[in-house]
Amino acid sequence: MASLLLFLAHILGGPLFSIPAAVGGLLAYHLTPRISPAVVLRFYRGVPVTEFQMPGLHRLVKDLATDARLTNAPEIWILPSARSIAFVTGDRQSSAIALSRGILDALTRDELAGVVAHELSHVAHNDSRIMWFSEITVKMVNVLSIIGQLMVLINLPAIFAGEREVSLLLLAVVVTAPVAALLLQLHLLRTREFAADTGSAKLLGSPRPLIQALRKLEGGRSPLLMRWVAGRREQRGHTLLRTHPPVRERICRLKRLESDPRWQRTYTPVTEQELVEMLLPGHGAKVVVLRDREP
């Protein structure tokens with residue numbers, strides 16, 4: 001993406017455009033704005049939960065954060081949604097993981113561990129910085145493309161009069177650069193998802209928890225007809241235009257890891273005592289119950 005940006009800037013204005021574009025790209029990568037995770041999650045009506053309210057989940061997140069070599073364990077927020085939602089916000093210094101009530105009810109303990117490990121892998125890989133850089137790069141390419149199109153329009157009379165010639169390479173790059181940048185960004189998003197899946201398997205010692213979680217979340221709780229319609233839409237949608245890779249492809253990649261003898265350990269996130277504590281009222285505190293639905 002950076003090469004595309006610099007190439008477009010160079011053919012439009014040489015060093016006059018390429019040097020500021022390079023400086024802007026470097027600043028975009030190294031000066032990622034830090035937005036408080038609390039600000040983002042309150043926008044989703046999230047509620048923070050303490051270790052007293054959910055000791056088992058806090059132990060899970062802390063253990064995985066330690067294995068992922070994160071200095072600070074992410075805060076835990078619960079979203080008041082029946083849908084299965086999980087995401088992280090922030091960076092390695094300050095982050096938070098959001099889990100909806102729907103996903104807590106839908107997944108077993110091991111499956112939830114697979115999802116949490118996937119999200120923590122995003123933090124460990126600095127994906128927020130990478131995504132910010134890709135977003136800024138796409139916008140800079142779009143701006144340069146607009147400048148190039150204006151340059152062509154301004155010179156149209158001279159071109160038609162034969163006084164100036166227009167470069168076909170310039171036209172091709174100016175027209176296709178925004179589309180190419182967007183496709184590269186989408187490919188990058190899918191690549192980071194695959195990397196987070198592998199990170200989940202490494203943290204847990206087995207890809208099985210995430211495989212089971214993906215299978216369950218793919219089916220969802222929607223009626224059979226709605227699931228069939230969603231499946232038909234997924235088949236029609238081209239992979240190049242997806243922000244996330246197809247679930248089936250993710251599962252296939254994880255299954256390849258499962259055949260490796262290194263991936264045989266299954267993580268158990270809570271002890272029996274902690275599970276009992278999670279079901280206690282907690283002296284009037286609002287307790288979010290993590291239900292374990294073993295098959």
J.: Taking Ser145 for its side chain and Asn142 for its backbone only, find out whether a donor-acceptor pair lies under 3.5 Å.
T.: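 A pair under 3.5 Å: no.
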
J.: Would you find a donor on one side and an acceptor on the other, under 3.5 Å apart, between the side chain of Asp91 and the backbone of Ser94?
T.: yes

J.: Check side-chain contact (heavy atoms from CB on, under 4.5 Å) between Ala22 and all other residues, then give those that pass, not counting sequence neighbours.
T.: Leu6

J.: Which heavy atom of Leu120 sits nearest a heavy atom of Leu64, and at what distance?
T.: CD1-CB, 3.5 Å

J.: Would you say that more than 12 heavy atoms from the other residues, nucleotides or ligands in this model lie under 6.0 Å from the CZ of Phe194, or not?
T.: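 Yes.
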
J.: More than 12 non-hydrogen atoms from neighbouring residues, nucleotides or ligands closer than 6.0 Å to NE2 on His125, yes or no?
T.: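 Yes.
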
J.: Heavy atoms only: give me the nearest Ala181-Leu4 pair and the separation to one decimal.
T.: N-CD2, 3.7 Å

J.: Between Ala68 and Leu203, which heavy-atom pair has the shortest distance, and what is it?
T.: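 Scanning both residues completely, I find the closest heavy atoms to be N-CD2, 3.6 Å.
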
J.: Which pair of non-hydrogen atoms, one from Leu12 and one from Gly148, has the smallest distance, and what is that distance?
T.: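 Closest approach of Leu12 to Gly148, heavy atoms only: CD2-CA, 3.6 Å.
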
J.: Between Ser81 and Ile85, which heavy-atom pair has the shortest distance, and what is it?
T.: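 Between these two residues, the closest heavy atoms are OG-CD1, 3.8 Å.
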
J.: Decide, yes or no, whether a salt bridge links Arg59 with Asp63 under the criterion of side-chain N to carboxylate O below 4.0 Å.
T.: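 Looking at Asp63 together with Arg59, the answer is yes, because their closest N to O distance falls below 4.0 Å.
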
J.: Using 4.0 Å as the upper bound for N to carboxylate O, is an ion pair formed by Lys62 and Glu51?
T.: yes

J.: Show your reasoning for whether side chain to side chain contact (heavy atoms under 4.5 Å, CB included) applies to Trp77 and Val47.
T.: CA-CA 5 Å; Trp77 289 64; Val47 178; 5.5 Å; no

J.: Under 3.5 Å, is there a donor-acceptor pair between the Gln53 and His58 side chains?
T.: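 No, His58 and Gln53 have no side-chain donor paired with an acceptor closer than 3.5 Å.
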
J.: For residues Ala65 and Pro74, report the shortest heavy-atom separation together with the two atoms involved.
T.: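 That closest heavy-atom pairing would be CB-CD, 4.0 Å.
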
